[in-house]
Amino acid sequence: MTKQNIIVCAVDGSEAAKNAVRWAANTAVKRGVPLRLVSSYAMPQFLYAEGMVPPQELYDDLEAETLEKVNEATEAAKEFAPGVDVSHQIEEGSPIDMLLDLSEQCEMVVMGSRGLGGFSGMVLGSVSGAVVSHASCPVVVVREDNHVTEANKYGPVVVGVDGSEVSQKALENAFKEASARGAKLVAVHTWMDMQVQASLAGLAAAQQQWKVVEEEQHAILGERLAGFTSMFPDVEVVKVVTRDRPARALSEASEGAQLLVVGSHGRGGFKGMLLGSTSRSLLQSTPVPLMVVRGVEPKRR
């Protein structure tokens, strides 16, 4: 299926979703692409008990309620990002199916993280788990407390780099975002060399070993960035190499940033990103919106 150069944002009326709408509208304007606000509704299953068929009026009410939320989100998007090209789409059925289908057609899906209603439980629940794990495009998770402020609106884009193929895809997306936003790019690479840590017989010797390893890691990071720095000469790059756990290093580097970008199935420091402690920690605690980039095209349901 041909991709459209469009950003899709989920709407459910929650504060988290409103934050996501504002972030998505701002991103759409900076990228110069359209924004589509989407939502879904479904009839409660208990109304089908004992062979009952819900009256059409109930469907109409649910659709009208959903449309009202979308209209409010549309006004919020226009107010926050004047000039945004915004449309909407409403469907009956599963929000998971809707968002996964749309992820095959768009460049980015944006979701709020503690939404109520149709997209409830976006970070750790079934909707977010399915969309972040199986989407065919990058997914940005915006938490309720991820506000755009004077301190971060012009902040950098931060990206985790671990040398995997998916990490390179994350880098590409991060460079695109930094370029569109006129922002710096902070590339974070972590290393935890257990052999070096085990050789603490002499502190001076250990420190020298760490220095050698750190210099090697700086060189490796430079090689991984080289192709992108030539493709995006307008982006100023800051390299961060640290001997630390990925989640902590990335959270610290993201203070005051506009966006954090990570790969979803990288090797090394970001292995098991989606289901492991690193991803859960970042999704719950990162101070900025988090973009998750998948490494392979998912199989359709």
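All residue numbers refer to positions in the sequence shown, counting from 1.
Checking side-chain atoms of R31 against main-chain N and O of A180 turns up no donor-acceptor pair under 3.5 Å. No donor-acceptor pair closer than 3.5 Å links the side chain of N19 to the backbone N or O of E15. When atom types are taken as modelled, the side chain of Q258 and the backbone of V157 share no donor-acceptor pair closer than 3.5 angstrom. The backbone N or O of V11 lies less than 3.5 Å from a partner atom in the side chain of S39, making a donor-acceptor pair.
When every heavy atom of A17 is checked against every heavy atom of A10, the shortest pair comes out as CB-O, 4.1 Å. Nearest heavy-atom pair, P289 versus N146, reported as atom, atom and distance to 0.1 Å: N-OD1, 3.6 Å. Taking both residues in full, the closest heavy atoms of P233 and S230 are given as CD-O, 3.6 Å, listed atom of the first, atom of the second, then distance.
Taking a 6.0 Å sphere around CD of Q4, one finds it holds more than 12 heavy atoms contributed by other residues, nucleotides or ligands. The local environment of NZ in K30 is crowded, with over 12 non-hydrogen atoms from other residues, nucleotides or ligands closer than 6.0 Å.
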Handout entry: Trace of the side-chain contact (heavy atoms from CB on, under 4.5 Å) decision for E107 with V33
Key = CA-CA 10 Å; E107 291 296 318; V33 301; over 6 Å; no

Exercise for the section: Please lay out, stage by stage, how Q168 and E172 fare under the test side-chain contact (heavy atoms from CB on, under 4.5 Å). Expected result: CA-CA 6 Å; Q168 295 302 103; E172 180 180 2; over 6 Å; no

Problem - Stepwise side-chain contact (heavy atoms from CB on, under 4.5 Å) test for K78 and V84 - result: CA-CA 6 Å; K78 292 179 178 180; V84 63; 4.3 Å; yes

Handout entry: Full working for side-chain contact (heavy atoms from CB on, under 4.5 Å) between R36 and L102
Key = CA-CA 10 Å; R36 183 184 303 170; L102 287 170; 3.6 Å; yes

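At least one side-chain heavy atom of L35 sits less than 4.5 Å from a side-chain heavy atom of C9. You'll find the side chain of V240 reaches within 4.5 Å of the side chain of V186, heavy atoms only. Taking 4.5 Å as the limit, every side-chain heavy atom of E91 sits out of range of all side-chain heavy atoms of D97. In this structure, L259 and V288 have side chains that are not in contact, with every pair of non-hydrogen atoms separated by 4.5 Å or more. Looking at heavy atoms from C-beta onward, K3 lies in side-chain contact with C137 at the 4.5 angstrom threshold. Within the 4.5 Å cutoff, side-chain heavy atoms of V142 are placed close to those of V140. Under the 4.5 Å side-chain criterion, counting only non-hydrogen atoms from C-beta, Q89 is in contact with M98. At a threshold of 4.5 Å between non-hydrogen side-chain atoms, the residues R181 and N26 count as touching.
A salt bridge does not link E144 to K18: none of the charged side-chain nitrogens sits closer than 4.0 Å to a carboxylate oxygen.
Rounding to the nearest 0.5 Å places OG of S254 at 8.5 Å from CG of L290. For the atom pair CD1 (I7) and SG (C106), the distance works out to 9.0 Å, reported to the nearest 0.5 Å. Of the inter-residue distances, the one linking M231 atom CE with L171 atom CG reads 11.0 Å to the nearest 0.5 angstrom.
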